[in-house]
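Below: the structure, in C-alpha cells.
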Amino acid sequence: SSNFNMPLYEFLKKYALKLEQHVELKEYCQSIGIQFICTPFSYKAAEELNGIGVDTFKIGSGEMTDVPSLVRIAKFGKPMIVSTGMSTFDEIDRTYQALSSRNVALALMNCVSEYPPVYEDVNLAVITEMKERYPQAVIGHSDHTPDIYTCFSAVSLGAKLLEKHVILDKRQPGPDQLVSIDFAELAQLVDGVRKIESAMGNEKKVHQKERSIREWAFRSLVSTQFIGEGQILNDEMVWSKRPGTGIPSHRMDEVVGRKAKRDISENALIVWDDLE
C-alpha cells in the first residue's frame, strides 16, 4: 500500500519480538485477565511458545493445509484456532479430520486472506455451512475489513470467536494499517456483540414489558353511531378503535348481525352484555 514501502522481511526483522518479550507480554496479559494466544509460523516456533506456556495456538491460513505440522502441534494438547482463508472445503475437511480425530479442542475461522477484502468475497453465510459441516469445532470469523459491520453479522450467524486487527492510531504507517480498527472501534465492537448475543433468542411471546402497551395499542369494537335497543348491528355501526380493553376487533363477525339488547351510545366500547 502507498503508506508502507518497507520490504516485509526488513519490517519483520526490525520489529520481531524476542522470546523473553513474549514472556513479558504473557505475564502482562495474565495480570489484566487477558488470555495470551500466539501464532507460530513453524513447528519450531510452536515448540518455543509451548515452552513459555502459551495456552492456545492460533494457526494462520497459510499453515492450514500443512497437516503434518498441525498434527505435531496438536500433540502439545493445547486448543487450536485455525484460519481457513484461501482454501477449499476439501482442504478444510482434511485438516478437520486430522485434528478432530486427535481429540484436540478445535476452532475453525471463516476467513478471506485479502487485506482488506472486497466485501463480495467475505461470504458470511459460509459460517452457517461450517457449523453444519464441522460439528466438533467451534466456528469463528477472522475479519480483515477496515470496519466492524461484517463482525456483527458473523455473530448473528453463529460465530463464537472473532479475530480483528487493532492499531493504536490509524495514521500510523505499517503493513496492517488498512485492515485495522482502533481501540475506540474495538470498544464499539465488543459492546455491539454483547447486545447482539443478548438479542439472539428465538422465543415469540408477549413479554412482560409489552403487556401494558397491548392494552392501549390493540383495538376493540366501538359503535360509530347511536344504536337503539332492538336494532340489528351492521358494518356501518361498528368499527375498531383503541384501546384493546373491549371486544377484540378480530371478533367483528361475531358482533355484526346481532341485536342490541339496550341503547348503545355513539363512540362507546361495545360489550357482550349489550347484545342478544
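Quick note: numbers below take in every heavy atom, side chains included, and nothing from hydrogens, waters or symmetry partners. All values derive from a computational prediction rather than experimental measurement.
Under the 4.0 Å criterion applied to side-chain N and carboxylate O atoms, Glu197 and Arg194 are assigned as salt-bridge partners. Using a cut-off of 4.0 Å between Lys/Arg side-chain N and Asp/Glu carboxylate O, Lys78 and Asp55 are scored as not salt-bridged. A salt bridge does not link Arg211 with Glu215: every distance from a Lys NZ or Arg NE/NH1/NH2 to an Asp or Glu carboxylate oxygen is 4.0 Å or more. Between Lys195 and Asp191 there is a salt bridge, with a side-chain nitrogen of the basic residue lying less than 4.0 Å from a carboxylate oxygen of the acidic one. In summary, Lys44 and Glu47 do not engage in a salt bridge, as defined by a charged side-chain N under 4.0 Å from a carboxylate O. Salt bridge status for Lys261 with Asp274: absent, with no side-chain N to carboxylate O gap under 4.0 Å.
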Applying side chain to side chain donor-acceptor pair (under 3.5 Å) to Gln35 and Thr56, what does each step give before you reach the verdict? CA-CA 9 Å; Gln35 194 177 355; Thr56 300; 3.1 Å; yes

Assess the residue pair Glu163 and Lys58 against the criterion (salt bridge (charged side-chain N to carboxylate O under 4.0 Å, His left out)); give the C-alpha distance rounded to whole Å, side-chain angles, the decisive distance to 0.1 Å, and a yes or no. CA-CA 10 Å; Glu163 177 186 322; Lys58 165 72 206 320; 2.8 Å; yes

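Interatomic distance, CZ of Arg251 versus CH2 of Trp272, reported as 4.5 Å (0.5 Å rounding). Note that CG of Asp169 and OG of Ser180 are 11.5 Å apart. Values are rounded to the nearest 0.5 Å.
A donor-acceptor distance shorter than 3.5 angstrom exists from the side chain of Ser61 to the backbone of Gly85, with no hydrogens or angles considered. The closest donor-acceptor contact from the side chain of Arg94 to the backbone of Asp90 lies at 3.5 Å or more, if one exists at all. Glu114 contributes a side-chain N or O that, together with a main-chain N or O of Val118, makes up a donor-acceptor pair within less than 3.5 Å. Formation of a donor-acceptor pair under 3.5 Å by the Ser223 side chain with backbone atoms of Val238 is not found in this model. For the pair Asp182 (side chain) and Glu185 (backbone), a donor-acceptor distance under 3.5 Å is present.
Figure legend: Arg242 and Phe218 shown without cation-pi pairing, the cationic atom not lying both under 6.0 angstrom from the six-membered ring centre and within 45 degrees of its axis.
In terms of heavy atoms, Met80 sits closest to Ile73 at CE-CG2, 4.0 Å. Nearest heavy-atom pair across Ser220 and Leu269 is CB-CD2, 3.5 Å.
In the displayed structure, Glu91 atom CD is contacted under 6.0 Å by more than 12 heavy atoms of other residues, nucleotides or ligands. Sparse packing is recorded around NZ of Lys160, with 12 or fewer heavy atoms of other residues, nucleotides or ligands lying under 6.0 Å away.
A donor and an acceptor atom, one from each side chain of Asp93 and Tyr134, are located under 3.5 Å apart.
By the 4.5 Å heavy-atom criterion applied to side chains, His22 and Cys38 are counted as neighbours. The shortest side-chain heavy-atom distance between Gln136 and Tyr96 falls under the 4.5 Å cut-off. A 4.5 Å side-chain heavy-atom check between Val222 and Ile270 finds every atom pair outside the cut-off.
Classified by interplanar angle (parallel below 30°, tilted 30° to 60°, perpendicular above 60°), the ring pair Phe76/Tyr43 is parallel.
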